[in-house]
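First comes the structure, then the notes that go with it.
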Amino acid sequence: MLQIQNQSQRPLTTAHLAQTMSLLLLSNIELRDKVMAELSVNPALELVEERICPNCRRRLTSPGACPICSLHQTDEGPIVFLSPRESYRSTPPAVQQDTPPDQEPAAPEDLTTYVLQQLSSNLNPDDRRLAIYILSSLDEDGFLQDPPAFIARATRSTLSHVDRILQLVSHAEPPGLATTGPRQALLVQLDLFPQDSPILQLARGILETFFRELGHREIEKIAANLEVSSNRVREAAAFIHDNLNPYPGRAFWGSGRQPQKGDPNVYHSPDILISHNSSDVSGPLMVEIFAPVSGWLRVNPMFSQAKSKTNNNQTDEWAKHIERASLFVKCLQQRNNTMRRLMQSLVTQQNQFILNGDRHLIPITRAKVAKEIGVHESTVSRAVAHKSVALPDGRIIPLSRFFDRSLAIRDRIKEIIKNESRPLTDDQIATLLRQANVCIARRTVAKYRSIEGILPARLRHRKGARTIE
DNA sequence: CTATGGCACGGATT
DNA sequence: AATCCGTGCCATAG
């Protein structure tokens with residue numbers, strides 16, 4: 001009896017927790033689907049139009065004052081937090097079970113605006129017009145449908161102008177967009193790698209002349225033609241497979257590596273953006289946790305009013321709706337709250353990493369953070385899972401990298417190898433690291449090396465001569 | 001003989 | 001309870 005009453009009055013912590021947890025697990029794109037699904041089945045749930053902050057003209061996604069402006073005034077913490085805008089969606093929804101198949105979602109436009117945003121500072125109005133035309137003419141994999149000459153004619157531009165814009169677009173995030181096919185996309189991505197290395201050169205060679213053979217896995221044939229060992233060809237192929245994305249329009253994950261295996265819905269746009277406040281670069285970092293939708297959710301007040309007035313058999317139904325809606329909203333708020341505190345903690349502790357690169361990542365465990373922000377460790381795990389974050393330097397990395405214990409060491413190894421003239425063996429590297437107060441076994445150096453895609457000392461011998469100081 | 005990569009084990013982490 | 005990570009041992013390639 002009592003239990004039944006409880007159930008109808010308050011969902012109580014079990015339902016609360018269960019739903020909050022499942023929401024935490026979702027990336028914002030998945031969350032967006034979830035919200036949309038909920039909106040479509042629950043008439044009591046209302047999506048309130050977004051408002052624009054009169055001061056900073058950002059979109060507001062919650063009731064009340066603009067978070068960025070109010071934080072400007074009470075600028076005491078090192079970091080500012082807000083969630084003003086939804087991120088773009090780069091792939092059509094994988095499964096839309098709750099929405100009827102009436103119309104396809106307008107996917108490409110979001111990608112267009114996303115790219116335009118990046119380029120906006122480099123574009124004059126003419127460029128912009130052209131960029132929009134190009135972006136909107138891409139096919140769903142992000143490739144050009146029409147040859148540049150056609151585009152030039154259609155937009156009455158010069159061919160060189162078109163080429164220039166194509167250059168810009170293809171080098172924006174996600175890299176390789178607006179190329180003529182997978183091969184070109186891969187080559188562009190290859191060029192964007194910061195430092196050149198033998199394996200990159202080999203990969204480039206393979207892509208340029210033996211793309212078809214690569215597709216057919218004719219390793220031996222490639223090796224024979226390029227006069228390198230088939231093992232090296234294999235390595236180069238693996239590198240291409242692991243680090244480059246032949247279909248940039250589908251989704252992307254920065255220049256990062258292979259993420260968790262077995263995850264069907266691949267990579268997505270960042271869930272979180274960390275950036276400098278444009279006004280002062282030395283100032284606090286700004287962290288934006290993207291909202292799944294623009295606007296904010298609430299229980300439709302009309303609905304609850306109507307419910308109290310009328311007294312028919314529909315009341316039950318409505319009450320259920322209202323309750324479900326309010327639960328959903330509460331859980332969403334809780335999710336936001338957890339994400340906010342999590343990011344606050346992470347950015348505070350790892351700001352050296354964010355600003356100065358991989359080497360300054362300090363090893364940190366999820367358990368530690370959980371303790372700090374006062375939640376269960378599994379909560380942190382869920383909050384970290386399936387999320388990606390864009391750093392001020394433009395890289396997009398999985399949020400879980402904040403917990404990578406070996407990243408800093410791997411970075412040091414990379415540097416050692418890059419700087420040393422004579423190829424060093426793993427053992428020598430291990431001793432060097434030990435001198436630098438990093439004690440790891442020789443075997444571990446080898447592991448890290450292979451993770452970074454660096455060849456063993458023996459094979460680095462001659463080819464490694466070309467380094468960019 | 002040396003440098004590496006594979007396999008597998010134990011301990012920490014999630 | 002399941003997974004990940006560092007490491008030691010051993011076979012093998014050079």
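Numbers restart at 1 for each chain; the letters A, B, ... are given by sequence-line order, proteins then strands.
In this entry the distance linking CD of A/Glu452 with P of B/dG5 reads 14 Å, nearest Å. Taking atom CD1 of residue A/Ile454 and atom P of nucleotide B/dG5, one finds them 12 Å apart after rounding to whole Å. Across the protein-nucleic acid pair, A/Leu407 atom CG and C/dG6 atom P stand 12 Å apart, rounded to whole Å. Between A/Ile413 atom CD1 and C/dG6 atom P the separation is 10 Å, expressed in whole Å.
Taking the side-chain hydrogen bond (donor to acceptor under 3.5 Å, both in side chains) definition, one finds that A/Arg324 meets it with A/Glu38, sequence neighbours left out. In this structure, A/Arg341 has no salt bridge (Lys or Arg N to Asp or Glu O under 4.0 Å) partners at least two apart in sequence or on a different chain. The side-chain hydrogen bond (donor to acceptor under 3.5 Å, both in side chains) check on A/Arg366 picks up nothing, with sequence neighbours excluded. Partners of A/Thr425 under the side-chain hydrogen bond (donor to acceptor under 3.5 Å, both in side chains) rule, at least two apart in sequence or in another chain, are A/Gln428. Remark: A/Phe353 engages A/Phe402 in a ring-ring contact (aromatic ring centres under 6.0 Å, His included) (not counting sequence neighbours). Residues satisfying the salt bridge (Lys or Arg N to Asp or Glu O under 4.0 Å) test with A/Glu46, not counting sequence neighbours, are A/Arg298. Evaluation of the salt bridge (Lys or Arg N to Asp or Glu O under 4.0 Å) rule for A/Arg449 yields A/Asp426 as partners, not counting sequence neighbours.
Exactly one of A/Val389, A/Ile272, A/Ile274 qualifies for a side-chain contact (heavy atoms from CB on, under 4.5 Å) with A/Val347. That residue is A/Ile274.
A/Arg382 comes within 4.0 angstrom of nothing in the nucleic acid, heavy atoms only. A/Ser406 comes within 4.0 angstrom of sugar-phosphate atoms only, judged by non-hydrogen atoms across all strands, and of no base. Residue A/Asp426 is classed as a sugar-phosphate contact, given heavy-atom separations below 4.0 Å to backbone atoms only.
Between A/Tyr448 and C/dG6 there is a side-chain N or O to OP1 or OP2 distance below 4.0 Å.
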For this session: Encode nucleotides 7-12 of chain C as B, S and - characters from 5' to 3', where the letter depends on protein heavy atoms closer than 4.0 Å: B to the base, S only to sugar-phosphate, - to neither.
Result: BBB---
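Applying the ring-ring contact (aromatic ring centres under 6.0 Å, His included) definition to pairs two or more places apart or across chains, none involves residues 406-455 of chain A. Every pair passing salt bridge (Lys or Arg N to Asp or Glu O under 4.0 Å) that includes a residue from residues 344-361 of chain A is listed here, sequence neighbours excluded: A/Asp358-A/Arg395, A/Arg359-A/Asp411, A/Arg359-A/Glu415.
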N/O to N/O distances under 3.5 Å, protein versus nucleotides 10-14 of chain B:
from: B/dT14; atom 1: OP1; to: A/Arg366; atom 2: NH1; distance (Å): 3.2
from: B/dT14; atom 1: OP2; to: A/Arg366; atom 2: N; distance (Å): 3.4
from: B/dT14; atom 1: O3'; to: A/Ser381; atom 2: OG; distance (Å): 3.0

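For the pair A/Leu26/A/Asp33, no side-chain contact is recorded, criterion being any heavy-atom separation below 4.5 Å from C-beta on.
With the 3.5 Å cutoff on both pairing distances, Watson-Crick and G-U pairs in DNA chain C assemble into runs of at least 3 at B:1-14 with C:1-14.
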